[in-house]
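Here the structure comes first, spelled out in structure tokens, and everything after it is commentary.
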There are 2 protein chains.
Amino acid sequence: MPYRPTALTRKNAADKRAALLRAARALVAADGFRAATVAAIAARGQASVGSVYSHFDSRDLLLAEVFRSAASHELAVVRDAVADTGQPATDRLGDLIRVFGGRALQGRRMAWALLFEPVNPAVEAERLTYRRSYTEITEQIVRSGQERGEFLPQDTGLAASAVLGAISEALVGWLRPESPPPLPQAQADVVDGIRLFCLRALTPPVPAPPVPPGTGAGSARRPHRQDRRVGP
Amino acid sequence: MPYRPTALTRKNAADKRAALLRAARALVAADGFRAATVAAIAARGQASVGSVYSHFDSRDLLLAEVFRSAASHELAVVRDAVADTGQPATDRLGDLIRVFGGRALQGRRMAWALLFEPVNPAVEAERLTYRRSYTEITEQIVRSGQERGEFLPQDTGLAASAVLGAISEALVGWLRPESPPPLPQAQADVVDGIRLFCLRALTPPVPAPPVPPGTGAGSARRPHRQDRRVGP
DNA sequence: CTAAGGTGTGAATCACGGTTCAGAACTTGG
DNA sequence: CCAAGTTCTGAACCGTGATTCACACCTTAG
């Protein structure tokens, strides 16, 4: 039996596989999943169309793997930014929104691909998983905020969904491939606007300033910072 | 010149067109745009594939028209529910959420198709338009709430996006074709949960109950109703 | 070096559904 | 009923891009 796959062979194969994954990822980051045709991936990965199929069972699965690797990295970054359960939930949620939103606005095309681009059922399934992970992280923060007395009691799952919905919807306008990249100032404003919106929905009113007896209580207003106009 | 299109002819043509539109709409309501192939539309509309093309320039435009008619009806219903600018903004926003959410949960498949299903660029363009309309309605309510002193001052565009994002994200779990229909109680709970979340994000604290002089104000807590657990 | 496998290649194939079009069926005014 | 048009029909066509596969090229161990 004159030929058997050897360590080198295996390494070469693994390298090729990785190169194809890298190639696909680059294409996605540049122009979305749509642009990652098998031919384009092969070309960019210095391989032939056929050999793509000796490393991956199908394009759909290849893309699912690209998605998974990109999304799991993002998730890890966010997780990390929010990991310190000793922090006030208010700060953790703020960090989540800042990190998530900031990174999305930095890598707009990739963010759009990961969050919104229609791809295929395999990717859709992955997307669902990651979405659930984000919801869980958020829900955990909300719960902890409630336990610490920072947040109002309310359905945590619903609140988490609503927070994530507010984030995505506020971002999507700026992530669309056809819309021009926002200025840094606008970026900061959106992210901060989202943060304040969500915190208002979660936290009880700041303790009212001491009221001189006799002054009507009806005019009390919570001293929430007023945001500047930011709209898309 | 023995033959010329006549009134009857024209009416027949219009009827056929309408029948095809109805057929397509029924298919979409049952199984989404994906199911509305030209062949299926023709079959259900008692026509041949070819004659679909004598009434519509392309499938994409036909679907865009289906979308438009369904979406504009929904929009009109919501607009109507919210039209009375004399009402408190709080009530109007509540009505918007109740009507929008309630109808979506009633016609889940259609709602999913209109809100989330990937279709084609023509439909995507329509979708964008309608999304903008909803944002405008919401923004208008938010602005009016601010003018009336019911809502906190904040960026109205961002707030409107966030509100709509919270609504969609909280709904999408229940609209997914593969998920089972929610019980009526759960429906009511989601919608009400969304409503409370959004109002909390928009309104200042309820005026504190008259404080007996000397009682510390620091323990004040806004009497927001606590929601029951509802999660997906 | 050579036989026995592996691995790479890219043109051909396939699947899919929208679109076309040659002819059949029909409608109208005379 | 006829001629001149219109409308209907559905099988054939097409564009697209994923997938296959016969073949050439390598690599290994004896």
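This one's a predicted model, so the numbers in the text were calculated from it and none came from an experiment.
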Rounded to the Å, how far apart are [X] [atom1] and [N] [atom2]?
X: B:R17; N: D:dT7; atom1: CZ; atom2: P; value: 14 Å
X: A:K11; N: D:dT27; atom1: NZ; atom2: C1'; value: 17 Å
X: B:F56; N: C:dT20; atom1: CZ; atom2: C1'; value: 18 Å
X: B:L20; N: D:dT7; atom1: CG; atom2: P; value: 15 Å
X: A:L8; N: D:dT27; atom1: CG; atom2: C1'; value: 10 Å

Inset, instruction - May I ask you to say whether B:E124 pairs ionically with A:R176, meaning some side-chain N is under 4.0 Å from a carboxylate O? - result: no
Legend entry - Any donor-acceptor N/O pair, A:S133 side chain to A:T129 backbone, under 3.5 Å: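 Confirmed, A:S133 side chain pairs with A:T129 backbone.
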Legend entry - Spatial distance of atom CE (A:M110) from atom CZ (A:R108) [nearest 0.5 Å]: 14.5 Å
Inset, instruction - Sugar-phosphate atoms are those with a prime plus P, OP1 and OP2; base atoms are the rest. Using that split, label each nucleotide of nucleotides 8-18 of chain C B, S or - for protein heavy atoms under 4.0 Å, 5' to 3'. - result: SBB-------S
Inset, instruction - Please tell me if the side chains of A:V163 and A:L96 come closer than 4.5 Å, counting only heavy atoms from C-beta onward. - result: no
Inset, instruction - Could you label the plane-to-plane angle of the A:F197 and B:F197 rings as parallel, tilted or perpendicular, counting under 30° as parallel and over 60° as perpendicular? - result: tilted
Inset, instruction - Return each pair, listed once, that meets salt bridge (Lys or Arg N to Asp or Glu O under 4.0 Å) where at least one residue sits in residues 89-104 of chain A; pairs must be two or more places apart or across chains. - result: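 Counting only pairs at least two positions apart or across chains, the salt bridge (Lys or Arg N to Asp or Glu O under 4.0 Å) contacts touching residues 89-104 of chain A are A:E74-A:R103, A:D95-A:R98.
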